[in-house]
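Since we're looking at a predicted model, the values are computed, not measured. When a residue number appears, it is its place in the shown sequence, counting from 1. Just so you know, ligand 1 is whichever comes first in the structure, and atom 1 is the first atom listed for that ligand.
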Amino acid sequence: MRYSPLPQPQTEWLQDFFCDGLWGGGTYTIDRTPCRIKLDQNEASWDWPEAIKKSILQRCQEEPWNKYPDPYVNEVLDAVSQYSGFAVDNLIIGPGSHHLLCLALSIFRQRRRGQLVISRPSFPLYESHAKNFGLEKRIWPLTQDFEFETESLHDLPAHSYVVFASPNNPVGNVLAKEHLEALLQAHPHSMFFADEAYFEYSPEPYTELVQRYPNLILLRTLSKAFASAGIRLGYMIGSQPVIDMIRKVTLPYLVNRLAAVTVQQLLTDTTCLQRMRQQVEQTMVERDKTIESLIPIGREKGFCVYPSHGNFFLQQWEDAERARTIYTYLRDECSILVRDVSRGPLLDGCLRVTVGCPEENQAFVTAMRALAS
Ligand code: PMP
C-alpha cells in the first residue's frame with residue numbers, strides 16, 4: 001500500500017510556526033554523482049582492514065540488539081577519556097561532532113547578552129544552523145590571505161559566544177595557540193568554541209589551553225583521522241559546569257550499540273591507534289607533496305593553492321565561474337569529485353580538495369596538468 005502525498009497546508013498559516021531564517025533556508029546538499037576518486041568530504045583516504053572489522057563485527061553480534069544501550073554509553077565515554085586524556089566529567093559524546101555543534105549552538109542561543117560570533121570562511125554549517133535557529137550573528141572574517149585576525153574582536157561584549165574551527169575547514173589555516181590564549185584572557189566572560197575536527201593533524205591543538213581556561217570548549221570527531229565518518233562519533237571537551245548544562249539537553253541512547261562497540265575498539269586497541277597515527281603522518285606527507293607539485297602548475301594554469309593543516313587543501317581560481325568549470329571537468333571527464341565552495345562567502349573561485357591516497361592525489365595533479373593554459 002502506498003499513500004498519495006499528504007495535503008499541503010496553506011503556506012501563510014504554516015510560516016508563522018518558523019523563524020524567517022528557517023523558512024527561507026535550504027537543506028544540506030552534496031553532489032552524489034558516483035566518481036572513481038572521491039575527494040569532496042574530507043574523509044580519510046583509507047579504511048580499516050578487514051581483520052579489524054571482522055573482530056569488531058563479531059563483538060557486535062554478541063550484543064543484545066533488542067535491549068537499549070546504556071543511555072549515555074559510559075563505556076564509550078571511558079574510551080574517549082582514555083584516548084583524549086580528559087576526565088569523563090569534562091566530556092560529552094554524540095553521533096558525530098556536527099550533532100554536538102548543533103546542540104551547543106541551541107543551548108547558547110539562550111544567552112541573554114553578548115553576541116554570537118562566527119568566523120568566515122569556515123565550516124558552513126555554523127552559519128546555516130545559526131540562521132535556522134533565527135540567531136543574529138556577527139561575522140569574524142579571516143584576512144585576505146585567509147589568516148585569523150584577532151584585533152577585530154577587541155570590542156567583543158561579555159557573554160559572547162565565538163565559534164571557529166582550527167584547523168579551519170575549508171582553508172586549512174589555524175588560529176595560533178598564543179592568539180587564542182590572548183583572546184581567552186581578554187574576554188574571560190565570553191565562551192570560545194573551537195571545532196577541532198582535524199585535531200590529529202593540528203600543529204597547535206588546544207589540549208593544554210582547555211585545562212586552564214573554563215571559557216574554552218573543544219569539539220573533536222572520529223570522522224577524520226580515525227577513518228570512521230560512517231560510524232558517527234564526536235565528542236566535546238569543556239569545564240564541568242558547561243558540560244553539565246549541555247548534558248541536560250543531550251538525548252539518551254544517541255550512540256547505538258554497534259557504534260559503541262566499534263569506537264571502543266578503535267580508541268583503545270594499540271594496533272588501531274598505531275595505524276591511525278601512521279595514516280595521519282602519511283596523509284600529511286601526501287598533502288604537502290601534492291601542494292608542492294601543484295604550485296608550479298598553478299602558476300601556468302591560473303590557480304593558487306593554500307598551505308593546509310588538515311587532510312584537505314584549498315585551490316583558488318580567478319572566479320566562481322572558472323572554478324565551476326574546473327569542478328565539472330574533474331567530475332565529468334576525470335571522475336574526480338572535489339567540493340565546489342566557490343559560491344560561499346569570501347571563497348570566490350575556491351575548490352576544496354581532500355587529500356586522497358597517493359594514486360588519487362597523483363590523478364588530481366595529472367588532471368590539473370592536462371588543462372589548457
Ligand atoms: N567540523 C568540521 C570543521 C568539519 O569539517 C566537519 C565535517 N566535514 C564536522 C565538524 C562534522 O564532523 P562529524 O562527521 O563528526 O559530524
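- Shown in contact with Gly96 at under 4.0 Å from a heavy atom are these atoms of ligand 1, numbered in order with element: 15 (O), 16 (O).
- For ligand 1, none of its N or O atoms has an N or O atom of Asn42 under 3.5 Å away.
- When each of Leu267, Ile52, Ile56 is paired with Thr262, the side chain to side chain contact (heavy atoms under 4.5 Å, CB included) condition holds for Ile56 and for no other.
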If you apply the rule ring-ring contact (aromatic ring centres under 6.0 Å, His included), what do you find for Phe17 with Trp23, and how did you get there? CA-CA 9 Å; Phe17 285 93; Trp23 189 259; 9.8 Å; no
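- Scanning the protein heavy atoms around atom 3 (C) of ligand 1, the nearest turns out to be Asp195 OD2, 3.4 Å.
- Which of Ala197, Ser97, Ser122, Gly310 comes nearest to atom 13 (P) of ligand 1 through a heavy atom is settled by distance: it is Ser97.
- When the options Leu258, Leu233, Val255, Thr268 are evaluated for a side chain to side chain contact (heavy atoms under 4.5 Å, CB included) with Val263, the one that passes is Leu233.
- Below 30°, between 30° and 60°, or above 60°: for His98 and His129 the angle between ring planes is between 30° and 60°, a tilted geometry.
- The side chain to side chain contact (heavy atoms under 4.5 Å, CB included) test with Asn361 singles out one residue from Ile37, Val355, Thr366, Thr283, and that residue is Val355.
- Heavy-atom separations between His99 and ligand 1 are all 4.0 Å or longer.
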Could you walk me through whether Phe123 and Tyr198 satisfy the ring-ring contact (aromatic ring centres under 6.0 Å, His included) test, starting with their C-alpha distance in whole Å, then the side-chain angles of each, then the deciding distance to 0.1 Å, before giving a yes or no? CA-CA 12 Å; Phe123 188 39; Tyr198 303 92; 8.5 Å; no
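- Considering Arg232, His98, Lys224 only, the shortest heavy-atom separation from atom 7 (C) of ligand 1 involves Lys224.
- Close approach to Ser223 involves these atoms of ligand 1, each under 4.0 Å from a residue heavy atom: 13 (P), 14 (O), 15 (O).
- The residue from Tyr198, Phe312, Tyr235, Tyr126 that puts a heavy atom closest to atom 4 (C) of ligand 1 is Tyr198.
- Not a single heavy atom of Gly234 sits less than 4.0 Å from an atom of ligand 1.
- Summary of contacts: the protein heavy atom closest to atom 6 (C) of ligand 1 is Phe123 CZ, 3.5 Å.
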Run the numbers on Arg138 and Asp155 for salt bridge (charged side-chain N to carboxylate O under 4.0 Å, His left out), then give the verdict. CA-CA 12 Å; Arg138 163 175 167 182; Asp155 62 345; 2.8 Å; yes
